[in-house]
Amino acid sequence: MAATPQLLDTSLLSMYTDSLFPAPGALGRRGDASEAEMKGQEIRRAFLEFFESKGHRIIKSSPLVPQGDPTLLFANSGMVQFKNVFLGQEDIGTKRATTSQKCLRVSGKHNDFENVGRTPRHHTFFEMLGNFSFGDYFKQDAISFAWEFVTEVIKLPKERLCVSVYEEDDEAFELWQKIAGLPPEKVARLGASENFWAMGDTGPCGPCTEIHWDLDPTQPGGIEEDPERFLEIWNLVFMQFDRDASGEMKPLPAPSVDTGAGLERMASVLQGVPTNFDTDLFDPIRARIQEICGKTYGEDPDATVSMRVICDHCRSTTFLVGDAVLPSNAGRGYVLRRIMRRAARHGVLLGIKEPFLYKLVESVAEAMRDNYPELDERRSYIEKVVKVEEERFLRTLEKGLKLLGDEQARIKADGKDVLDGAFAFKLYDTFGFPLDLTEDIGRSEGFAVDTEGFNKALEIQRVKSSKGGKFDAEAGLGDAIGELVSQGASTKFLGYDAVEADAEIIGIIKHGELVSEAGSGDDVEIVTNRTPFYAEKGGQVGDTGTINGATGHAIVTDTQTAGEGLSRHHAKVANGYLRVGDAVKMEVSVERRDNIRKNHTATHLIHYALHRVIGEDAKQAGSLVAPDRLRFDFTHFSAMSDEEIAEVERIANDLVMNCIPVQTDLKSYDEAVKSGAMALFGEKYGDEVRVVACGPSVELCGGTHVTNSGQIGPILVLGESSVAAGVRRIEAVTGPGAYAKMREALDAQHELARLYKVSGDEVVERVKATAEQVRQMEKEIARLKEKMTESANKDLIDAVQDVGGVKLLAAVAQASDADALRAQAAKLRDKIGSGVVVLGADTGGKAMLCVLVTKDLTDRYQAGKIIGPLAKIVGGGGGGKPDMAQAGGPNPAKLQEAVGAAASQL
RNA sequence: GGGGAAUUAGCUCAACUGGAAGAGCGCCGCCCUUGCACGGCGGAGGUUGCCGGUUCGACUCCGGUAUUCUCCA
């Protein structure tokens, strides 16, 4: 969202290069003794308390991973968690809010993350201070609040401030002069690209106004003349219009305010330091990096850039892992991996030779402790994740170095000094070896890299990838749902207490469009005002069942959520027709739902048992609760031992056998967490949450459960496996499914016992003994075969003939397969010392031939050449190496003829 | 979601255009030997991830599948 300070353009770099790399001694903060500089934490607190005093509620930062918003990878501004509030789809019980929001930005027009560290103010991770009005106050108050805070609370000198407004926003232009007393030349009118904000092509939008800090007041001119001299510190967005598809802007009935001020740059201004990285927010991190690499920040320009990169990236890394993101090869995890690898790469540039990023987690936690105490709690876990990923990357680099070394030898042998761009790309694309590292090595080893070829290959790959994007079959569905939502439709869920209910159809979607009626055979989405059907959420699959109306009935095959508070029933109309407005009776498939309940409660018990057995670091990383099975993914760095799995299963079953009632309470989030409920981190919860308790297992959960653990029946863990790096999966069955599985296993055991004629508990020993017996017998057979071959060879050796001074042994032998034939021929070859051996055999109706030539003769006779014509005789083909060849054919009757022809081949 | 790779002994990895599955480390046994990565000899350990196809013959080629790595979105 643009409701944020825009990150400075890289062009600033050239202008302020000098201040980017000041002499070491010059790094001190602004030395005004008259005015104690504010610490980052003090700025944050002052901001929140200031707005609290103006009637705002202080709200916690939401996690970096936005909930229920697939369009956004990460929270990138303060307003993200209030999106639905601004749209009027959610009520949080206050019209004024203020936050310090953790944000992450890795791409976008002004902030390619490759720039981070090279400029004074680019970050991937940063904090945004904001105040929000949801249809309450508007421009006048927003401006006067901001001005009061800037000039009276943090006391920035008025003469170094100026503002900008949207060129058509006369109202804001006037207000600044009136409220702040700014002369017109200090209020710049800027165009839409700078000062007009929109959430998307349609929807809420409006003008912005920004407060800027003059970096060099000795220069003449204002923002319009010299934009790069001014540092934007606060952006106020006035959500004023609603833009429709035609581009027409209608005024919103209750205009809103959304503001954002970057904490890091505000601190840099208040502390009088040249870059955000020099603020106290980074003190412990900078100190630790210097300690690790033994270099001094600010001394060497390249090293300083590397340290800044690491400063930034270790914050992103720590917070991302803390919000349950794991490094992976797709989506959010991939972004995390790239950030970490870039940091690791800069570590190498600083001369650090081993994993070090994980050591910075502690420093980040220390620097952010005041506002994010949870980092301390999760520290050991975060460190573990980071270290594992760093080690993985080092392995990747090693592999790449080896490949590069091989290729380097090759180009040197060819007398070239340019590394193929395609090879550099392959190294990068397939093995994750960074291009800049390849270039570095080239520089020291004396070869160039064809970067043009590299970029070409990258472009081809990019086009190929984006073309692969799946056609969005549900695109129309989103629009239809949106229309229903805007009509104020919502579905009340009754399924905690009921499995059937009367309801009214409020929407039917067919082929992505809203229709008024669905006829027999139609595949549709049916939306009702209330429903006992559980819509897939939190891993629990959607319910199935039937919807019956007076004129027809439909079979529900799945239920999904559709945006805020809406459920859609995927159904096929079996007969008759259903219409919007119809009163219907909705019935959930009870048996299926009961099995889901069992599996869901069992999932909680397993989760609890895992914590008991392998510790609190076993964080939930996903789950599936289906009628026939359950799956539970959790973070853990090694395979579980059989004993651990057995222990988890035992604990879970103990809880079942104790028949513990399951209690569900509605509580406030804070109250729930205080009472010890397990909340998933990285998850956003509403103010009121459901707490599901079954004995010692207490979790926040919106799913459906049994009423007593005894109803679950046996819990049987089927296996434990790996899903991704650092994530393990447990699969289990319960109730009837578990019983059937156990019955099956016992039946198999009984069958084995019967076949082996032993009692059930002796089966394992008996099978072991039998396997050993088989092994011994196989050995004995091999020994006997060899003996037989030897005696057969005694006869064959007499058949040696002399062909032009070369010994030739050509004969038909007895052999069961090609391997045996070859072994036999090898024995004969060793016996004759020098010569050619040609053996044929009938192996189960197939003709096999084998030709061996002793090494001293391979320059005159090649086994592969000799065998060709012979193979043709038996109707097949073959070949091999100079000293050994094999062939086969379908005609064993001609074996004698083939072997006889050998002499003529010499 | 789409592309590129990898999967061989307990571990790390070889095996050329399809033609006898190997090395180093580890393990077991024996010998030698009072010290640091001792040395020597011998041995066990393999359904080459799984399923299918092509071929006289597949670790090798083709298709599918699983897992891991990696790039792009």
Side-chain angles (χ1 to χ4, degrees), chain A residues 70-71 73 106-107 327-335 337-338 341 388-389 391-400 402-403 406 422-435 454-455 457-474 639 721-729 772 775 778-779 817-827 829-830 840-853 862-868 870-892 894-895 898:
Chain A
T71 62
L73 277 179
V106 282
S107 58
S328 82
N329 55 359
R332 297 186 175 104
Y334 181 56
V335 172
R337 172 168 282 175
R338 276 174 62 191
R341 294 196 166 184
V388 165
E389 175 64 14
E391 284 163 354
R392 190 192 308 279
F393 185 50
L394 288 179
R395 277 205 299 276
T396 303
L397 290 185
E398 247 169 73
K399 187 141 199 156
K402 202 179 154 211
L403 288 163
D406 292 351
F423 181 81
F425 180 72
K426 190 188 162 111
L427 213 52
Y428 168 74
D429 181 53
T430 304
F431 300 103
F433 200 76
L435 176 67
F454 178 94
N455 288 328
L458 181 64
E459 192 47 41
I460 292 169
Q461 145 86 329
R462 191 166 281 159
V463 170
K464 245 198 298 196
S465 295
S466 55
K467 211 167 51 182
K470 213 178 95 184
F471 175 67
D472 192 0
E474 303 209 326
S721 58
S722 162
V723 230
V727 183
R728 311 290 305 178
R729 168 173 293 174
E772 178 59 22
R775 230 170 61 89
E778 276 172 349
K779 275 190 173 172
D817 57 57
D819 279 348
L821 186 70
R822 192 183 52 235
Q824 187 172 359
K827 283 232 156 60
R829 179 198 56 197
D830 295 344
D842 180 347
T843 59
K846 231 178 179 181
M848 291 298 314
L849 290 167
C850 178
V851 177
L852 296 181
V853 178
Q862 283 83 42
K865 284 188 184 157
I866 295 171
I867 208 163
L870 308 189
K872 277 212 183 85
I873 296 172
V874 292
K881 299 181 295 184
D883 64 327
M884 203 284 298
Q886 283 173 284
N891 202 348
K894 291 205 163 176
L895 266 175

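A, B, ... follow the sequence lines: proteins, then strands. Residue 1 opens every chain. Just the heavy atoms: all of them, side chains too, but no hydrogens, waters or symmetry mates, feed the values below.
Side-chain atoms of A:Leu458 and A:Tyr428, non-hydrogen and from C-beta on, do get closer than 4.5 Å to each other. Counting heavy atoms from C-beta on, the side chains of A:Ile873 and A:Asn891 never come closer than 4.5 Å.
Helical stems involving RNA chain B, defined as 3 or more consecutive Watson-Crick or G-U pairs under 3.5 Å, span B:1-7 with B:66-72, B:10-13 with B:22-25, B:27-31 with B:39-43, B:49-53 with B:61-65.
At a threshold of 4.0 angstrom between heavy atoms, the contacts of A:Ala863 with the nucleic acid are absent. Note on A:Ala887: a base of the nucleic acid sits closer than 4.0 angstrom, heavy atoms only.
If you check residues 873-881 of chain A against RNA chain B, the residues with a heavy atom closer than 4.0 Å are A:Gly877, A:Gly878, A:Gly879, A:Gly880, A:Lys881, listed by number.
Comparing A:Asp819 and A:Lys426 by the nucleotide of RNA chain B that holds the closest heavy atom to each, the one mapping nearer the 5' end is A:Lys426.
A:Asp819 has a carboxylate O that lies under 4.0 Å from a charged side-chain N of A:Arg822, or vice versa, which qualifies the two as a salt bridge.
For the P atoms, the distance linking B:rC31 with B:rC69 amounts to 48 Å, nearest Å. Straight-line distance between the C1' atoms of B:rA14 and B:rG22: roughly 7 Å, to the nearest whole Å. Distance noted for atom P between B:rA37 and B:rG43: 29 Å (whole Å). Atom name C1', nucleotides B:rU48 and B:rC59: the rounded distance is 5 Å, in whole Å.
Atom P of nucleotide B:rG19 and atom CG of A:Leu870 are separated by 21 Å, given to the nearest angstrom.
The phosphate of B:rG19 (OP1 or OP2) has no side-chain N or O of A:Arg822 nearer than 4.0 angstrom. OP1 and OP2 of B:rC71 both lie 4.0 Å or more from every side-chain N or O belonging to A:Arg462. For the pair A:Lys846 and B:rG57, the criterion of a side-chain N or O lying under 4.0 Å from OP1 or OP2 is met.
The side chain of A:Met884 lies closest to B:rA20, out of B:rC56, B:rA20, B:rC71.
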